[in-house]
Amino acid sequence: MRERVDREVELIRLLKDSGFVFVSGELLRRSLGVTRSAVWKHIEALRRAGYTIDAAPRKGYRLDTSKLPFNGVEIASRAGTGRIGTRVSFSDEVDSTNTEALALGHSGEPEGTVVVADTQRMGKGRIGRHWVSPPGVNLYTSILLRPAVLPMDAQKLTLLTAVAVAETVSGFLGSRPSVKWPNDILVGSKKLAGILLEMESEADRVKFVVVGIGVNINMSVSQLDAQLRPSVTSIMEETGKKVSRVEFARALYSSIEKWYDLATEAGFDAGGFTPVVEAWRSYFVSEGKPVKVVSFDRVIEGICEGIDPDGALLVRGPSGKTERVISGDVDPV
Ligand code: BTN
């Protein structure tokens, strides 16, 4: 399976390198080290994956590079990273990319494997919510990580991912989005992206973490139910321009890899998380403002004092005491 994908990535690279010029079947056969009929089978598979490839007798094959699809070969072949996003499990439709990635985690797939789908039937949001996942427009991806951290430190990856998503979104928006604790990416008060972390752990050891990310890229809010429209946006809604989902995914994986390497090389509990917290704060706009936090067991209203070095939210209540919040939903009041 892996070999087949690697060959298809290589085949597409060879066809792209030649521009819109025919490449002979013989040259492809020799470069890939396979038979001519195997080349033909790969070409057929690539056509099914959305590529437009002409075949002509005695000339060979030619790729139409003006119509590149959104698929796993495109994402993997253009990943500028060492690990994250070089192994891609792509589907047109799944229940949830997080559910798929959890299964890959259990079956021993390596760190950095990503799951991408064009649409999700049952996209999962935080706190049991549904993540609306229309086809053809957005990015729904889940990244499998195997960090050597304690279970209590794994949540820090949520903030780390929020920094990477905010950084990537900035590059495409041309302006900085904001983060809402712990992990919503907003433009003004409208949500542009969300993150859902799930993990498999033992008492003192994380087996693996799945970082699920949904980014509204080319979606028009008119595609959504009326009650959601005022609180949701997309890159296209903000800029009036369409963005390549492959380009976005590639930039996102490389940003996550950069922050992940930085944090894990130094060690999460040995200062490696400090630059992540600093970067996260630079996107946070609620510090010093009145907020209401609804967590599973209580509601706290007070002045937000930012986050502590572990990423917990600090809220000074009416009594003057500062509360430390580790999970919940925060809204301005
Ligand atoms: C949130 O509620 O803000 C979190 C939303 C996370 C959505 C993404 S889409 C890709 C991945 N697969 C899922 O089922 N959920 C996450």
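Both counts, for ligands and for their atoms, begin at 1 and track the order of listing. Everything numeric in this text was worked out from a predicted model, so none of it was measured.
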Heavy-atom nearest neighbour in the protein, as seen from atom 3 (O) of ligand 1, with distance rounded to 0.1 Å: K191 NZ, 2.6 Å

Ligand 1 and R126, any nitrogen or oxygen pair closer than 3.5 angstrom? yes

Should K124 be counted as touching ligand 1, given the test is an N or O pair under 3.5 Å? yes

Centroid-centroid distance, F172 to F248, less than 6.0 Å: yes

For Y140 and ligand 1, does the shortest N/O to N/O distance drop below 3.5 Å? no

Is any side-chain N of the basic residue among R129 and D329 closer than 4.0 Å to the acidic one's carboxylate O? yes

Below 4.0 angstrom, N of the basic side chain to O of the carboxylate: do D54 and R47 qualify? no

Validation row: V179, I185 side chains within 4.5 angstrom (heavy atoms): yes

With a 4.0 Å cut-off on heavy atoms, does R129 reach ligand 1? no

Give the residue and atom name of whichever protein heavy atom lies nearest to atom 11 (C) of ligand 1, and the separation in Å to one decimal. T97 OG1, 3.2 Å

Are the side chains of I213 and Y140 in contact, using a 4.5 Å heavy-atom criterion? no

Counting heavy atoms only, which of R121, H130, Q120 is nearest atom 13 (C) of ligand 1? Q120

Which residue and non-hydrogen atom of the protein lie closest to atom 8 (C) of ligand 1, and at what distance in Å? G214 N, 3.5 Å

Any non-hydrogen side-chain atom of I143 less than 4.5 Å from a side-chain atom of T113? no

